[in-house]
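Since the structure comes first, as structure tokens, the remarks are kept for the end.
Every chain is numbered from 1, with letters handed out A, B, ... down the list of sequences.
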There are 2 protein chains.
Amino acid sequence: MSKQQSNVSRVYAALRQMAADFAFMPDQRINESELSKQLGASRTPLREALNQLVAEGFLTFQNNRGFFCRSLTPKYIQDLYEARVAVECEALRLSCRRASDSEIADLGAYLQQTEAEYENADDPTERLAMDESFHMRLVLLSGNGELERSLRSLNDRIRYIRLIDLQRMRDKAGVRVPGELSAHSRILLALAGRDAVAAEAAMRGHIEKRREAATDAVRIAFSQLYVPQD
Amino acid sequence: MSKQQSNVSRVYAALRQMAADFAFMPDQRINESELSKQLGASRTPLREALNQLVAEGFLTFQNNRGFFCRSLTPKYIQDLYEARVAVECEALRLSCRRASDSEIADLGAYLQQTEAEYENADDPTERLAMDESFHMRLVLLSGNGELERSLRSLNDRIRYIRLIDLQRMRDKAGVRVPGELSAHSRILLALAGRDAVAAEAAMRGHIEKRREAATDAVRIAFSQLYVPQD
DNA sequence: GCATTCAAAATTGTATACAGTTTAGAATGC
DNA sequence: GCATTCTAAACTGTATACAATTTTGAATGC
């Protein structure tokens with residue numbers, strides 16, 4: 001009998017979470033000894049996990065200087081949003097051909113259930129989790145493992161900014177007019193109608209609408225990250 | 001004065017090349033001691049590089065059993081081709097908006113030059129390098145670093161199969177009718193006309209045309225990989 | 001105050017050792 | 001021949017040690 005899960009993957013998961021949350025400041029140097037104590041593993045497995053995160057773009061590496069948190073710039077966030085459009089639109093196109101009627105119906109039920117919760121949820125983290133979950137389910141319907149992997153990576157690198165964006169939206173957002181369709185509903189409707197063009201257009205519009213706001217949020221993020229207490 | 005390039009990144013580059021060429025057989029277990037001798041580094045930096053390749057999908061990892069070459073299945077190759085469509089079509093769309101006229105003219109000159117060479121090149125490796133290069137230049141015009149990174153990864157994981165595909169095409173391919181436009185020319189023309197829809201359609205058709213052939217090539221690849229000498 | 005120098009401290013890079021686990025293959029029984 | 005058991009060899013996982021490099025910060029000169 002042996003452990004199924006490797007120690008490196010446990011450390012990796014913890015680090016990825018930390019990197020997503022910007023527990024490391026942008027461009028901050030990462031101290032291996034300190035971190036290894038914190039995570040209860042020696043530097044050898046820690047560095048193996050850190051190397052994985054470098055390969056995925058969460059961290060960078062400089063010879064003899066070690067590991068650094070990725071930097072956070074409007075350009076970088078824009079790149080990630082554009083990549084999301086690429087991944088999610090193509091996945092949606094595939095889903096229009098491949099998803100079964102019952103899979104689409106299931107997603108519809110999920111959407112209906114969460115949209116009610118969404119309106120009531122105060123916590124932006126909760127809202128974001130619901131939003132991400134809907135988008136991820138859509139990609140899963142495409143049946144493409146590579147697109148799924150890409151979206152997971154993009155989501156984790158973008159999450160912090162989306163959270164800031166959501167917090168700002170909460171303050172000034174009006175309630176949606178009852179009867180008006182949410183962006184998610186419009187996407188799902190087009191999918192149910194197997195209308196790839198309409199679905200893609202709805203998805204593209206939906207993501208790009210948030211892109212501009214998100215690049216603005218980068219500046220806000222800076223102030224939130226670099227001020228310790230407020 | 002110090003080395004600019006780290007040892008790990010040297011080992012990584014060598015391993016990535018090997019993984020792209022299927023120097024490791026699909027599903028083959030990788031022996032760390034042997035490989036570390038071969039690459040002139042101890043197991044510590046070797047494993048750091050191997051972990052990067054796991055994160056990128058070139059290899060897999062099982063606790064207490066070590067590293068394995070990714071498996072090679074028609075489904076996997078299809079996923080990668082579909083991801084290429086996602087990345088390259090969106091990049092092209094962005095390029096239509098962003099590329100300067102002179103950048104497009106440069107790419108046109110490059111295309112004209114290589115298409116002549118392409119017809120004469122016997123070596124499939126050369127042909128593939130030219131093809132990849134054109135596609136990569138297109139993505140670079142989008143100015144999106146994330147899409148660029150994705151395409152690089154996809155290219156390396158797909159290359160071996162494309163090579164097999166090209167070898168098969170050589171045997172039965174007819175010469176293109178003079179005056180008829182190559183797929184690359186059609187894409188470039190649409191780009192020059194800033195016609196994102198036409199460009200995307202041409203790109204999609206171009207990649208998908210090879211996708212089916214490539215999944216067939218997987219079976220051929222198996223026979224080539226598993227027969228040592230022929 | 002500001003730049004420069006330099007030695008001490010901190011940190012990274014990697015080889016190695018060894019414990020823990022898996023694998024290979026011989027021996028055995030059916 | 002085929003499955004099972006068991007032991008030795010091979011291999012992986014990780015802590016640790018130490019060399020090489022970078023960083024820190026005090027001392028100095030301007």
Side-chain angles (χ1 to χ4, degrees), chain A residues 1-19 23-71 226 228, chain B residues 1-19 23-71 226 228:
Chain A
M1 183 84 170
S2 65
K3 281 184 300 190
Q4 196 57 41
Q5 180 88 341
S6 83
N7 188 27
V8 170
S9 63
R10 178 185 65 78
V11 171
Y12 167 81
L15 287 173
R16 182 157 165 155
Q17 180 76 53
M18 291 171 76
F24 314 115
M25 301 287 179
D27 301 310
Q28 180 197 336
R29 185 173 176 172
I30 290 169
N31 187 318
E32 296 173 17
S33 316
E34 198 181 319
L35 197 54
S36 75
K37 251 176 266 174
Q38 196 178 322
L39 296 174
S42 80
R43 282 176 57 221
T44 306
L46 171 63
R47 283 177 59 104
E48 293 188 5
L50 288 169
N51 269 284
Q52 289 195 36
L53 291 165
V54 168
E56 289 179 288
F58 287 92
L59 305 176
T60 61
F61 176 82
Q62 287 178 50
N63 193 24
N64 288 318
R65 308 215 320 123
F67 298 88
F68 296 79
C69 183
R70 69 195 181 285
S71 53
Y226 287 116
Chain B
M1 182 89 172
S2 66
K3 280 186 300 189
Q4 195 58 41
Q5 181 86 343
S6 84
N7 188 28
V8 170
S9 64
R10 180 184 64 79
V11 170
Y12 167 80
L15 287 173
R16 181 156 166 157
Q17 180 75 54
M18 290 171 75
F24 314 114
M25 301 286 178
D27 301 310
Q28 180 197 336
R29 184 175 176 172
I30 289 170
N31 186 317
E32 296 173 17
S33 316
E34 197 180 321
L35 197 54
S36 75
K37 252 177 265 172
Q38 197 177 321
L39 295 174
S42 81
R43 281 177 57 222
T44 307
L46 171 63
R47 282 176 60 104
E48 293 188 4
L50 287 169
N51 270 282
Q52 289 196 34
L53 291 164
V54 168
E56 290 180 288
F58 286 92
L59 305 176
T60 61
F61 176 82
Q62 287 178 51
N63 193 24
N64 288 319
R65 307 214 321 122
F67 298 88
F68 296 80
C69 183
R70 69 196 181 285
S71 53
Y226 287 114

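- Under the side chain to side chain contact (heavy atoms under 4.5 Å, CB included) criterion, Thr60(B) pairs with Phe68(B), sequence neighbours left out.
- Taking the side chain to side chain contact (heavy atoms under 4.5 Å, CB included) definition, one finds that Gln17(B) meets it with Asp21(B), sequence neighbours left out.
- Partners of Arg29(B) according to the side-chain hydrogen bond (donor to acceptor under 3.5 Å, both in side chains) rule, which considers only residues two or more places apart in sequence or in another chain, do not exist here.
- Heavy-atom distances under 4.0 Å link DNA chain C to no residue of residues 49-58 of chain A.
- Sorted by first and then second residue, the pairs that involve residues 36-64 of chain B and meet salt bridge (charged side-chain N to carboxylate O under 4.0 Å, His left out), not counting sequence neighbours, are Arg47(A)-Glu48(B), Glu48(A)-Arg47(B), Arg16(B)-Glu56(B), Glu32(B)-Arg43(B), Glu32(B)-Arg47(B).
- In this view, Gln62(A) and Arg65(A) satisfy the side-chain hydrogen bond (donor to acceptor under 3.5 Å, both in side chains) rule, not counting sequence neighbours.
- Going from atom CG of Leu39(B) over to atom C1' of dT14(C) covers 15 Å, rounded to whole Å.
- Remark: Gln5(A) engages Ser9(A) in a side-chain hydrogen bond (donor to acceptor under 3.5 Å, both in side chains) (not counting sequence neighbours).
- Applying the ring pair (Phe, Tyr, Trp, His ring centres under 6.0 Å) test to pairs two or more places apart or on separate chains, those with a residue in residues 37-61 of chain A are Phe61(A)-Phe67(A).
- The shortest distance between side-chain heavy atoms of Leu50(A) and Val54(A) does not fall below 4.5 Å.
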Using a cut-off of under 3.5 Å, enumerate the N/O to N/O pairs linking the protein to nucleotides 12-15 of chain D.
residue: dT12(D); atom: OP1; partner: Ile30(B); partner atom: O; Å: 3.0
residue: dT12(D); atom: OP2; partner: Glu32(B); partner atom: N; Å: 3.4
residue: dG13(D); atom: OP1; partner: Asn64(B); partner atom: N; Å: 2.9
residue: dG13(D); atom: OP2; partner: Arg47(B); partner atom: NH1; Å: 2.3
residue: dG13(D); atom: OP2; partner: Arg47(B); partner atom: NH2; Å: 2.9
residue: dG13(D); atom: N7; partner: Arg43(B); partner atom: NH2; Å: 2.9
residue: dG13(D); atom: O6; partner: Arg43(B); partner atom: NH1; Å: 3.2
residue: dT14(D); atom: OP1; partner: Asn7(A); partner atom: ND2; Å: 3.1
residue: dA15(D); atom: OP2; partner: Ser42(A); partner atom: N; Å: 2.4
residue: dA15(D); atom: OP2; partner: Ser42(A); partner atom: OG; Å: 2.1
residue: dA15(D); atom: N7; partner: Thr44(A); partner atom: OG1; Å: 3.0

